[in-house]
Amino acid sequence: MTWAPDHPLDMLIRKLESIAHLSAEERRAIAGLPTLVRLLKAGQDIVRDDDRPSQCCLVLEGWACRYKLISQGKRQIFSFHVPGDIPDLQSLNLKAMDHSLCALTSTKVAFIPHHSVLALTARHPRIAAIFWRDTLVEAAIFREWMVGMGRRTASQAIAHQICELYLKLKAVGLAENHLYRLPVTQSDIADALGLTNVHVNRVLRELRTKGLVTIVGGTLRIHDWRELTGFCEFDPTYLHLERQAA
């Protein structure tokens with residue numbers, strides 16, 4: 001369940017290969033990108049709303065999230081990001097950030113200069129297409145989250161998110177046997193789904209009572225995948241996974 005990359009960009013390669021095929025030449029080209037690796041504390045912003053970044057951020061270890069603060073300091077989380085994700089890839093073409101990105105946990109990230117990514121995609125059009133595919137998958141995930149907040153019950157929305165995170169982590173070798181580390185807090189889940197902490201706590205108790213999931217020491221175990229996916233009507237098609245991690 002714990003897979004450690006030998007090179008910072010191995011995690012990006014593993015993520016991209018979960019949604020598309022990479023040739024040996026393309027893998028070497030990605031591995032040749034320059035990176036600056038940094039360790040961030042939980043809650044530390046990576047890039048802020050209105051910033052004009054000159055580099056992309058690759059999550060190597062830990063979890064990050066996209067978010068926006070509204071009146072009275074209320075936070076809306078738009079997405080969770082796990083190792084292998086480049087959550088600000090859109091900054092290559094959208095020069096000003098319209099939301100913030102922060103570390104949810106102690107997180108290791110690699111910063112990659114925009115000019116290096118653009119040069120890579122100019123030399124390797126298929127890699128550009130795969131990056132484009134990755135942003136389209138992110139858009140598909142956003143749509144599912146909108147359905148969850150707008151039309152699913154709170155129990156279904158949380159169950160759906162649990163299933164999504166399992167498959168995303170499994171795709172990069174960080175989950176197996178329906179078990180994965182879930183370091184986010186109930187407050188984070190509440191901010192992602194427009195719920196209260198109390199409501200999230202109640203739903204997690206309900207899912208445990210039904211024998212579907214348990215969370216012990218930050219580790220989430222899915223006890224009945226078929227029952228859980230049926231309960232929340234989870235269809236993984238929107239993740240567009242080509243293959244799971246070996």
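Just so you know, residue 1 is the first one in the sequence shown, and it goes up from there.
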Problem set entry | C57 to I46 - nearest heavy-atom pair and separation | SG-CG2, 3.7 Å

Exercise. Roughly how far, to the nearest 0.5 Å, is NE2 of H115 from OG of S54?
Worked result: 8.0 Å

For this session: Show your working on side-chain contact (heavy atoms from CB on, under 4.5 Å) between R152 and Q161 and close with a plain yes or no.
Result: CA-CA 11 Å; R152 294 187 180 106; Q161 193 169 87; over 6 Å; no

For this session: List the atom of A29, the atom of H124, and the distance in Å for their closest heavy-atom pair.
Result: CB-NE2, 3.4 Å

Exercise. Do L104 and Y67 belong together in a cluster built from hydrophobic side chains that touch within less than 4.5 Å?
Worked result: yes

Problem set entry | From D10 atom CG to L60 atom CG, the distance as rounded to the nearest 0.5 Å | 10.0 Å

For this session: Check whether L94 and L89 end up in the same hydrophobic cluster, where Ile, Leu, Val, Met, Phe, Trp and Tyr are linked by side-chain heavy atoms less than 4.5 Å apart.
Result: no

Problem set entry | Cluster check V117, V109: I/L/V/M/F/W/Y, side chain < 4.5 angstrom | no

Exercise. Under 6.0 Å from the CH2 atom of W132, do we count more than 12 heavy atoms belonging to anything else shown?
Worked result: no

Problem set entry | hydrophobic_cluster_shared for V203 and V147, side chain cutoff 4.5 Å | no

For this session: Check whether any side-chain heavy atom of P236 lies under 4.5 Å from a side-chain heavy atom of L241, and answer yes or no.
Result: no

Exercise. Where the side chain of D235 meets the backbone of T237, is there a donor-acceptor pair that is under 3.5 Å apart?
Worked result: yes

Problem set entry | Heavy-atom closest contact (I112 atom, P34 atom, distance) | CG2-O, 3.6 Å

Exercise. Do you know the tightest heavy-atom contact between V59 and V82?
Worked result: CB-O, 3.7 Å

Exercise. What's the shortest heavy-atom distance between P83 and G62, and which atoms?
Worked result: CD-O, 3.3 Å

Exercise. Looking at H160 versus Y238, is the centre-to-centre ring distance below 6.0 Å?
Worked result: yes

Exercise. Do E164 and F234 pass the side-chain contact (heavy atoms from CB on, under 4.5 Å) test, and can you show the C-alpha distance, the side-chain angles, and the key distance before you say yes or no?
Worked result: CA-CA 8 Å; E164 175 187 295; F234 180 77; 4.2 Å; yes

For this session: Run the salt-bridge test on K210 and E206 with the 4.0 Å N-O cut-off and return the result as yes or no.
Result: yes

Problem set entry | Check: C163 and C232 side chains under 4.5 Å, non-hydrogen atoms | yes

For this session: Would you check if H223 and T214 make a side-chain contact, meaning some heavy-atom pair closer than 4.5 Å?
Result: yes

For this session: Take F78 and I141, measure what side-chain contact (heavy atoms from CB on, under 4.5 Å) needs, and give me the verdict at the end.
Result: CA-CA 10 Å; F78 300 120; I141 292 172; over 6 Å; no

For this session: Any chance you could lay out the side-chain contact (heavy atoms from CB on, under 4.5 Å) test for I70 and Q76, step after step, and finish with the verdict?
Result: CA-CA 8 Å; I70 58 175; Q76 177 63 54; 5.7 Å; no

Exercise. In Å, rounded to the nearest 0.5 Å, how long is the span from OG1 of T196 to CZ of R202?
Worked result: 6.5 Å

For this session: Determine whether I130 and I86 fall in the same hydrophobic cluster, where Ile, Leu, Val, Met, Phe, Trp and Tyr are linked whenever their side-chain heavy atoms lie under 4.5 Å apart.
Result: yes

For this session: Answer whether the closest heavy-atom distance between the side chains of I19 and H240 falls below 4.5 Å.
Result: no

Exercise. Do the charged groups of E233 and R151 touch, with an N to O distance under 4.0 Å?
Worked result: no

Problem set entry | Pairwise side-chain contact, L69 with S100, heavy-atom cut-off 4.5 Å (strictly under) | no

Problem set entry | Least distance between heavy atoms, G84 atom then K15 atom | O-CG, 3.2 Å

Exercise. Would a distance-only check, ignoring hydrogens and angles, find a side-chain to backbone donor-acceptor pair under 3.5 Å from H114 to Q55?
Worked result: yes

Exercise. So which of D188, T107, D85, L182 actually passes side chain to side chain contact (heavy atoms under 4.5 Å, CB included) with W63?
Worked result: L182

Problem set entry | Distance (rounded to the nearest 0.5 Å) between I162 CD1 and W225 CH2 | 10.0 Å

Exercise. Is R66 paired with D98 through a side-chain N to carboxylate O contact shorter than 4.0 Å?
Worked result: no

Exercise. So, do S155 and F231 sit near enough that their side-chain heavy atoms are less than 4.5 Å apart?
Worked result: yes

Problem set entry | Interatomic spacing from CD1 in I13 to CD in E26 - rounded to 0.5 Å | 10.5 Å

Problem set entry | CG on L120 to CG on L33, rounded to 0.5 Å | 5.0 Å

Exercise. Is the F80 to W145 ring centre distance short of 6.0 Å?
Worked result: yes

Problem set entry | R27 side chain reached by E17 side chain, heavy atoms, under 4.5 Å | yes

Exercise. Does some side-chain heavy atom of L195 sit less than 4.5 Å from a side-chain heavy atom of I189?
Worked result: no

For this session: Step through the shown structure and confirm whether more than 12 heavy atoms of other residues, nucleotides or ligands are within 6.0 Å of CZ on R126.
Result: yes

